[in-house]
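Order of listing sets the numbers, starting from 1, for every ligand and every atom in it.
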Amino acid sequence: MDRSKLTRNILLGMLLGLVLGSLIHAMALDTSSLLTVYVVDGIFDVGGKVFIASLKLLVVPLVFVSLVSGASNLSGEGHMGRIGIKAVGLYLMTTAIAICLALLLANLINPGMGFNMATATEFVAKESPSLKQVVINIFPTNPIQAMAETNMLQIIVFAILLGVAITKAGAHGERLRDTFNDWNEVVMRLVLMLMNVAPIGVFCLMVTLFSKMGFSAISQLIYYFVAVLLVLMVHFFVTYPMLIRFVAGLNPITFYKKMMPVMVFAFSTSSSGATLPVTLEAVKKRLGVKNQVASFIIPLGATINMDGTAIMQGVATVFIAQAFNVDISLSGYLMVILTATLASIGTAGVPGVGLITLALVLTQVGLPVEGIALIIGVDRLLDMTRTVVNVVGDATVATVVARSEGQFEQAIFDSE
Ligand code: ASP
C-alpha cells in the first residue's frame, strides 16, 4: 500500500474506532450483554491486544540490530559521545521548558480552586529506587536478561559497546557490520509489514478504549483536564515547531505530516515503548534522519524523554496543591522542575506510569500522595494525548541533532 493511502487508512481506523467506541459507550450496555462479551471484550479486544503484542515484539530486535548497525557505521572517535551529549542536553532542555510552561499556565488557570474533595478515592504510592541504584541499573550484567526484560537502557549500552567493538575489529568487524546492516533492513521490513495491518489494529484498540472510557469524571475535573490539554498543545504547536524551524531549519508542517501515523499509534496505544518501532521507521524513512543517529536517539528518548508526562505532572502538582489548599513556595517550584524532570526520565513508556511517578514529585514538595486519586478518573484520555507529545519530542530532538551532525537526508524529508 502506498504511504499516503496507509496514513489515511490509519487515521480513518482511529476515527471510526473512536466513533463506534463512543456509540457503544453511550448505549450503556450491561457487562454480560452479548455485544460486550463477544464483540467488545471478544473480537475487538483480541484484535487490539494482538496488535500491541506484535508492536512490542519488534521493539527489542529492532533497537538492538539498528543500534549495533548504527554504532558500527559511525566512523571517528567521539562521534557517539557527541551525539549522546547533544541528545541528552536537548532532552533535558525540552523537558524543563515543558514543566515551566505547565507551572506557568496552571497558575493562570487555577485548575484546583474550589475543587470538591469528596470525590477522592484511595491511592497507594510505590517506593521509588534510589538514584545510586538507577545509575548502576543502566549497566547490564547479562545482555540476554536485559533483552528478556526489555530493559532499554541496558540494551542501548550493550549495543553501543558491540557496535564500537565492531568498528575496531578490522576484517572480522567488517563482516559482522555487513550482517547487522542486513538484519537491520530485514527487521525494518517487519515494521512495514505490521504498518499495513495498523488501520485494523488501531480501529480495534480505539473501539475497546472508547467503549469503556468514563467521561463522567471529566465534568468535575474540567479545569484540570483543559489545563493539561492546553499546555500539551502549546508545547506541541509552539516549542517543537520552533525547534524544527529555527534550529533544524526545516518546515514544521512537513515534519508533522510525516509524523502523522506515529502520532496515531502513540494516541491509540498510550505507550511510547510500543510505538517505538513505528517512530524509528518514520524518523529514518520519512524524515530522513540517518540510522546512525536515529537508532540511538529514538530508543533513548522513548525511555527517558517524556515532555508530555512532565507537563501532566506540573499541572497535577499545582492542581493538587490548590485542592488541598497548600501554597508552593518559589523554591518549591524549583523543586517541582527538578523532580518532574527526573520523574519523567524514570517513567517507563507504558500506559499510566506517569501518574505513578508523580508520587515522587508530590513527596518532594510535601504534598499528599493521595492527591493522585483525585485525577485518576481522567487520566486515560490525557495519557493518550501526552504520549503523542512524548514521541513527537523524541523525533524533534533526533531531527535537530541529525541536522547539526550532517546525518540527515534532505531528499527523504522533501519527498512526498
Ligand atoms: N504513557 C506514557 C508513555 O508511554 C507514559 C506516561 O506518562 O504514563 O509515553
Side-chain angles (χ1 to χ4, degrees), residues 48 51-53 55-56 58-60 63 91 94-95 98-99 101-102 123 125-126 128 150-153 202 205-206 209 213 224-225 227-229 231-233 235-236 240 259 261-280 282-283 297-317 319-320 336 339-362 369 371-373 375-398:
F51 178 60
I52 296 228
L55 271 172
K56 286 187 178 165
L58 298 184
V59 172
V60 172
V63 170
Y91 280 152
T94 48
T95 308
I99 306 170
L101 281 174
F123 181 84
K126 275 199 221 145
S128 47
T150 322
N151 188 325
M152 205 57 76
L153 292 180
V202 167
L205 278 176
M206 296 302 283
L209 270 170
M213 192 78 80
Y224 166 73
F225 188 80
V228 177
L229 276 188
V231 189
L232 287 173
M233 281 166 73
H235 203 52
F236 184 88
Y240 296 145
M259 283 295 286
V262 184
M263 295 191 255
V264 174
F265 269 71
F267 186 74
S268 52
T269 61
S270 290
S271 164
S272 1
T275 309
L276 182 57
V278 189
T279 320
L280 203 46
V283 167
I297 296 191
I298 294 297
L300 184 69
T303 320
I304 67 162
N305 184 51
M306 310 259 167
D307 295 356
T309 303
I311 286 173
M312 176 279 285
Q313 293 180 338
V315 178
T317 308
F319 171 80
I320 291 168
V336 175
T339 46
T341 306
L342 292 177
S344 69
I345 291 175
T347 303
V350 286
V353 180
L355 211 55
I356 297 171
T357 49
L358 173 61
L360 191 83
V361 185
L362 297 179
V369 172
I372 295 176
I375 50 175
I376 275 184
V378 290
D379 196 61
R380 194 71 195 85
L381 204 54
L382 290 178
D383 192 9
M384 300 168 84
T385 329
R386 69 177 177 255
T387 307
V388 174
V389 174
N390 289 347
V391 296
V392 172
D394 302 340
T396 304
V397 169

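Annotation: ligand 1 has protein neighbours Ser270, Ser271, Ser272, Met306, Thr309, Thr347, Ala348, Gly349, Val350, Pro351, Gly352, Val353, Gly354, Asp383, Arg386, Thr387, Asn390, each with a heavy atom less than 4.0 angstrom from the ligand.
Checked by atom type and distance alone, the side chain of Gln313 never pairs as donor or acceptor with a backbone atom of Ala343 at under 3.5 Å.
Evaluated for a side-chain contact (heavy atoms from CB on, under 4.5 Å) with Asn390, the options Thr385, Ile311, Thr309, Asn305 yield exactly one hit, Thr309.
Applying the side chain to side chain donor-acceptor pair (under 3.5 Å) rule to Ser270 yields the partners Arg380; only residues at least two apart in sequence or on another chain are considered. Remark: Thr275 pairs with Thr269 by the side chain to side chain donor-acceptor pair (under 3.5 Å) rule, at least two apart or across chains. Scored by the side chain to side chain donor-acceptor pair (under 3.5 Å) test, Tyr240 finds His235, Asp307 as partners (sequence neighbours excluded).
By the 4.5 Å heavy-atom criterion applied to side chains, Thr94 and Thr396 are not counted as neighbours.
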